[in-house]
Structures are given as structure tokens and as C-alpha cells.
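Accompanying notes for the structure given below.
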Amino acid sequence: MIQPFIEAFFDEPTNTISYLVGDPATRIAAVIDPVLDFDMASGIADTRSAERIVAFARNHDWRIGMVLETHAHSDHLSAAPFIKSDTDAWIGIGAHIREVQKIFRPVFAMDDLKTDGSDFDRLFEDGDRFAIGGLEVEVLHVPGHTPADVAYLIGDAAFVGDTLFMPDYGTARADFPGGDARTLYRSIRRLLALPDATRLFLCHDYKAPGRDDYRWETTVGEQRRSSVHVHDGVSEDDFVAMREKRDAGLSVPKLLLPSIQVNIRAGHFDEAEANGVTYLRIPVKWAKHSAQADQ
């Protein structure tokens, strides 16, 4: 079995890890979950993080042929369109992105949004296989965090997106629209049924209490032995109770609103207005007060 080359790129503002994954024989590579730098306060978007990945690839003779998204992220904007324009790569995501588009189309009143997934170049079903050069990639549908999450199994490595975090930190939240803690548990157990030596590459790390460094690689065996949320012996009902209680106290991701409406369009923004500025939507709902409370 050919083992992939893997280079990780950590973005501290969003605690996101993007990956360059390549076939050493053909020098063809994929980028997984690239980050677009976005400052909410100033409204400034920047491609410096994605440029770092592209520059590394060029400097080390890798040809980027595809961008693979594990899901429509809610905590960072995708730089997939920049990488596509700079390298002629195609963009792929799980086919259940259609469900996510249907959920959020009315939330943002995005009447022009197509809900057939056609903003992406490739849509993957569970069990699909494709190649990165001579490397075979198997797609695993692992919903629960969102309906569209997928993991990419490449050799002895699985890129699991937000489904799992490091064993000392736990698992993904399941309270976003379309998420479900019970479904998440079953997806995680599917991943943990892979051989113990399978390396798991994560999309985020937040430094668990007592740890002073960032980490994003673990193994199936480590997760089964020591995950604080889902080690062997944790039942589905216990996990669901824990996850739902924990999710009820979590704050909304800072970049949720811009991330979702951009990422469900494969990272594309609306066309710029005449002033050269692109605009995003912020849904506003008025709080309701009873007449008695106002007296």
C-alpha cells in the first residue's frame, strides 16, 4: 500500500488544520480544508494562508489537482476557489451538501442559491473511490456534526474533519441545524472500527486543559482507549446525554454567519458591487416583549 505524503498547516485564528496530501510517485496532491483568512471586524479577506500551501507545493514539486472539503465549515471560510484558480484544481465535497444548502437557503434568504450541489465540481457518495495520483481515496459519510460530513481514507490515514478531536478534547458538537448527537456517535464508531493503527488527522485543535501545545494527529487505537467522550465502553445513550448537555452551553462560532453562506457555495462570494466591495448577509430577528413587560 502506497502511503501518502502529508504536510499540515495550522491556522491559529480559527484553530484549523489544512493538509497537503500527495502521492510520492506522481507528485500529484490534494489540499484538504483550506482556510481563507477573514477578519470580521474590518471585513477584510486575505489568501495568505492558502498562498502558503500553494507555495509549499510549488517549492517541493507537488502539483495540486484537487481541493477536498470534509464539510461546509461554520468556523472558517474556505479558500477553495483561490486554490482552484491558481492551480486548476477541482473542488469536491460530500453529496449531502445538498441537504445543508436546503437548510440554509431560507435562513439567509439566498433565493439564487442552487440546492443541487452544482457549485462544487465533484460530489461524493459514501463508498466512492477516486485517486490522488496513484493513491486510492475512499469516502466515508460520517454525518452528525452536519448532514454532509465525510472522511477521506487514504492509505493508513483518515482525514476526519470535525467529527473527532484529540482524545483529551473529545468530539464535535452536534447542535447545528441538521446535526444529531446519536448520528454522530454512530459515525464515530464507524471510524473507530478501522484498524487501531489507522492515523486520524483532525481539522481542529483547541489545546485541552493541561496541554500547552497544539496537536492534530492521533490513531484509532488512542481514541478507543482514551477519548474523554467516546472511548470503548461509552454507550450511545451516555454519549448522546453528554453531547446534548455540553452543546447547550456552547457559544456560537464567531465566523458562523459568513462561513456558512460562503462555504455552501464552495467558497464563492456574491459578485462585487459597483464600488468593488462584496457583501454578506446578517439575519436580524427582533426580540419580542410582552406589553406587560413594557409597562
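Remember, predicted model here, so these are calculated numbers, not experimental data.
Under the 6.0 Å cut-off for aromatic ring centres, F239 and H229 do not qualify, their centroids lying 6.0 Å or more apart.
Between F165 and Y169, the ring planes are perpendicular. Angles over 60° get that label, and only those under 30° would be called parallel. The aromatic rings of H141 and H96 sit parallel, their planes meeting at an angle under 30°, below the 60° perpendicular limit. Note on ring orientation: taking the six-membered ring where Trp is involved, the planes of F56 and F5 are parallel (angle under 30°, cut-offs 30° and 60°).
In terms of heavy atoms, V150 sits closest to E69 at CG2-O, 3.9 Å. Considering all non-hydrogen atoms of both residues, V142 and A151 come closest at CG2-N, 3.7 Å.
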Between R122 and D128, is a salt bridge (Lys or Arg N to Asp or Glu O under 4.0 Å) present by the stated rule, with each step listed?
CA-CA 11 Å; R122 295 278 298 273; D128 278 355; over 6 Å; no

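In terms of the ring-ring contact (aromatic ring centres under 6.0 Å, His included) criterion, residue partners of F159 (sequence neighbours excluded) are, by chain and number, Y19, F201.
Evaluation of the salt bridge (Lys or Arg N to Asp or Glu O under 4.0 Å) test over residues 142-164, restricted to residues two or more places apart or in two chains, returns D156-R199.
The existence of a salt bridge linking D213 and R215 is confirmed by a sub-4.0 Å separation between a basic side-chain nitrogen and an acidic carboxylate oxygen. For D205 and R211, the salt-bridge test passes: some basic side-chain N is under 4.0 Å from an acidic carboxylate O. Classification of D126 and R190 as a salt-bridged pair holds, one side-chain N sitting under 4.0 Å from a carboxylate O.
Side-chain contact between T171 and R243 is present, with heavy atoms from C-beta onward closer than 4.5 Å. Two residues are said to be in side-chain contact when any heavy atoms from C-beta on lie closer than 4.5 Å; L191 and V160 meet this criterion.
Listed for the S18 side chain is a donor-acceptor partner under 3.5 Å among the backbone atoms of D33.
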